[in-house]
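Inspection log for the structure reproduced underneath, given as C-alpha cells.
Fair warning: this is a prediction, and the values are worked out from it, not measured in the lab. Heavy atoms only: backbone and side chains are in, while hydrogens, waters and symmetry mates are out.
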Amino acid sequence: MKIGRVVSARGLFRPPLFSLSLCLALLSAGPASADVVIGVAVPRSGPYVAVGEQVLRGVEAAARDANAMGGLDGQPVTLDVQDDACDSNTATAVANHFVRAKVRLVVGHVCSNASIAASDIYAQNGVVMISAASVSARLTDRGLQNVFRVCGRDDDQARLSAAVLAERFRDRKIALIQDPTPASRTLAAATKDNLNRIGINETLSLSFAPSDADDAALVDRLKGAGIEVVYYGGDATEMGRLVKVAADRGYRPQWFGTSAIATPDFAKVAGSASNGVLMTFYLDPSRQPAAAAVVKAFKAEGGDPTGSTIYGYAALQALVAAGNFAHSAEPKPIAQALHTERFDLVLGTVGFDSKGDVTAQGYVLYVWKDGSFTPAGK
C-alpha cells in the first residue's frame, strides 16, 4: 500500500504545467495545527486509476474553493490523500491509517468493495465517510449513519439498464457478460433479474476472465451465437478492448456499458469503435447550471470536469456545507446535518435520505461519439 503525505489543499488545484519545485513544496507541507484534515481515499494504482484521478481532481478543487470562502467552520481544509487501489484489504489499511491519524472526515472510497470494507472501521470509530463513486446498494442498505454517497446506486442503474434493453432491443439477441470483479458480477446479476422480471430472457449469460486470448475467444463466441446486443459492467480499459477486438474481427454488436466506462480512457482504448456505445451514468452535473462556475474554472485552468470529477467536488463540498451549517468540524453533528438538511451543491439543491443516499437525480442513458459521451435521448 502506498501511504501518501498530508497535502495542503490551499492553492492545490492548478493548471497541468505547474513547476516541480511547487509540487514538491506542496507535498512536503504539513497541516497547520488548526486545519481540518479530510482523508481522501482513491485508487492511484490498479485498473480504476482514471476514475480515482477524476475524483481527486474534484476534491482538490472543492478544497481550494472552500478555503477561499473561509474553510470548514472557519478552519482551513487540508487533504490526506491515500491510495486504496480499489482493493478491500488495502482500503482497510487506509481506513486504519485515518483512524490512527485522527482523521474524522473522509471522502472515499471509489470502488464499492473498498468502501464497504472501510466503512465498518469508520463506523466503529466515529468517522464520517462520503463516496463520490461507490454504487453498491449494500453500502448504504446496512444503515450505517456515518456513511453517505453523492452518486447513484447500482440497483437503480440495473433497473435503467433493463428498461433500456427491454424498450430498445426487445426483439434482439442479448448477451449479459461479466468478469470476476464484484461490481461486474453484481450489475450483471441485477440487470438480468430486472430484465427477466419484465418478461425478456437473454440469449446468453456468461462469465469470462479478461485477457488477450479470452477476449478474442469471447468475441468469437458472441459472434457465433448471433448476439446483437452485449451488456457488460466492466471497467473502461477492458470494455474498450472488447469493443476494439470485436470491431477488428468484423463484429459490431450494440455494446452497452455502465458508469465504469465514464472516462476518456474507454474511447482511447476502443478508438473509433467506441462510437455508438451506450452507457448508463449518473446525471452529468458538468452540464447543469449549479455546476457552471466550477466547470468554467476547471476549463480555464486546463482541467477536464467530466466523468466523476464533479462528484468528487460535490462529496467534499457536502462535508464542508454540513460542517458550516452545524458550526462544527466534528463528525457527529456533520452526519446529523447531512441526514436532515438540504444544501446547494454542484449537483443542485440536495439532501441525503436516512440511508445516506443523495436525493439528486439518478442514472441517465448516454451514447459515445467522437471520444466523449452525451445523453442518448429517446
Side-chain angles (χ1 to χ4, degrees), residues 6-10 12 30-41 55 58-82 94-109 115 118-132 134 139-140 142-150 290 294 311-360:
V6 177
V7 182
S8 172
R10 286 168 287 185
L12 184 60
S33 59
D35 286 8
V36 177
V37 181
I38 296 179
V40 184
V55 171
V59 171
E60 290 174 344
R64 174 207 62 186
D65 291 347
N67 286 336
M69 297 294 290
L72 195 164
D73 193 32
Q75 302 174 72
V77 170
T78 297
L79 305 180
D80 181 353
V81 181
Q82 300 293 324
V94 167
N96 284 320
H97 159 77
F98 287 144
V99 170
R100 289 193 301 270
K102 300 188 184 308
V103 174
R104 311 295 298 280
L105 305 172
V106 172
V107 175
H109 297 234
S115 284
S119 63
D120 290 330
I121 295 170
Y122 298 142
Q124 293 164 10
N125 291 276
V127 176
V128 169
M129 69 160 280
I130 183 166
S131 175
S134 292
L139 176 62
T140 51
R142 294 170 300 153
L144 300 178
Q145 292 302 293
N146 64 308
V147 174
F148 301 86
R149 62 172 146 215
V150 292
V294 172
Y311 284 89
Y313 191 104
L316 188 132
Q317 187 186 27
L319 289 177
V320 172
N324 288 337
F325 176 86
H327 300 293
S328 175
E330 293 300 312
K332 188 172 181 179
I334 286 177
Q336 183 176 1
L338 289 172
H339 276 299
T340 58
E341 305 301 326
R342 292 173 65 82
F343 303 98
D344 292 327
L345 307 181
V346 285
L347 304 179
T349 302
V350 301
F352 297 85
D353 64 19
S354 60
K355 293 181 177 181
D357 290 318
V358 71
T359 60

| said: If I compare all heavy atoms of L345 with all of A321, which pair ends up nearest, and what's the gap? | reply: CD2-CB, 4.4 Å
| Heavy-atom side-chain proximity of F98 to V37 below 4.5 angstrom | no
| query | Are the side chain of Q75 and the backbone of A329 linked by a donor-acceptor contact shorter than 3.5 Å? | reply | no
| said: Do V94 and H109 make a side-chain contact, defined as non-hydrogen atoms from C-beta onward lying under 4.5 Å apart? | reply: yes
| query | Do you know the tightest heavy-atom contact between A335 and V128? | reply | CB-CG2, 3.9 Å
| Backbone of G126 reached by a side-chain donor or acceptor of N146 within 3.5 Å | no
| said: Would the distance check show the side chain of R342 and the main-chain N or O of T349 forming a donor-acceptor pair, the cut-off being under 3.5 Å? | reply: yes
| V350 backbone acceptor or donor facing T359 side chain under 3.5 Å | no
| message | Using modelled atom types and a 3.5 Å cut-off, is there a donor and acceptor pairing between side-chain atoms of N125 and backbone atoms of I121? | response | yes
| message | Nearest 0.5 angstrom please: F343 CZ to L319 CG, how far? | response | 10.0 Å
| query | If you look at every heavy atom in G323 and I334, which pair is closest and at what distance? | reply | CA-CG1, 3.7 Å
| said: Side chains of S119 and R142: any donor to acceptor distance under 3.5 Å? | reply: yes
| Closest non-hydrogen atom pair between K355 and T140, with its separation | O-CB, 3.4 Å
| message | For A63 versus V77, what's the shortest heavy-atom pair and its separation? | response | CB-CG1, 4.2 Å
| Single hit among F325, F352, F148 for ring-ring contact (aromatic ring centres under 6.0 Å, His included) with H339 | F148
| said: With side chain to side chain contact (heavy atoms under 4.5 Å, CB included) as the test, pick out the partner of V81 among I38, V40, V59. | reply: V40
| field | R149 backbone acceptor or donor facing S131 side chain under 3.5 Å | value | no
| message | For G356, is there any backbone N or O sitting under 3.5 Å from a side-chain donor or acceptor partner on Q145? | response | no
| field | Student check: side-chain heavy atoms of L316 and L79 closer than 4.5 Å | value | yes
| message | If you compare all heavy atoms of L139 against all heavy atoms of S134, which two are closest, and at what distance to 0.1 Å? | response | CD2-CB, 3.8 Å
| said: Let's go through V150 and L347 carefully: what are the C-alpha distance in whole Å and the side-chain angles of both, what is the deciding distance for side chain to side chain contact (heavy atoms under 4.5 Å, CB included) to 0.1 Å, and is it a yes or a no? | reply: CA-CA 9 Å; V150 292; L347 304 179; 3.9 Å; yes
| message | I'd like to know whether L144 forms a side chain to side chain contact (heavy atoms under 4.5 Å, CB included) with D120, so could you lay out the CA-CA distance, the side-chain angles of the two residues, the decisive distance to 0.1 Å, and finally the verdict. | response | CA-CA 8 Å; L144 300 178; D120 290 330; 4.1 Å; yes
| message | Measuring from atom CG of L72 to atom OG1 of T78, what distance do you get when rounded to the nearest 0.5 angstrom? | response | 11.0 Å
| message | Does any part of the side chain of M69, heavy atoms only, come nearer than 4.5 Å to the side chain of N324, both counted from C-beta? | response | no
| field | Test item: V294 and Y313 side chains (from C-beta on) under 4.5 Å apart, heavy atoms | value | yes
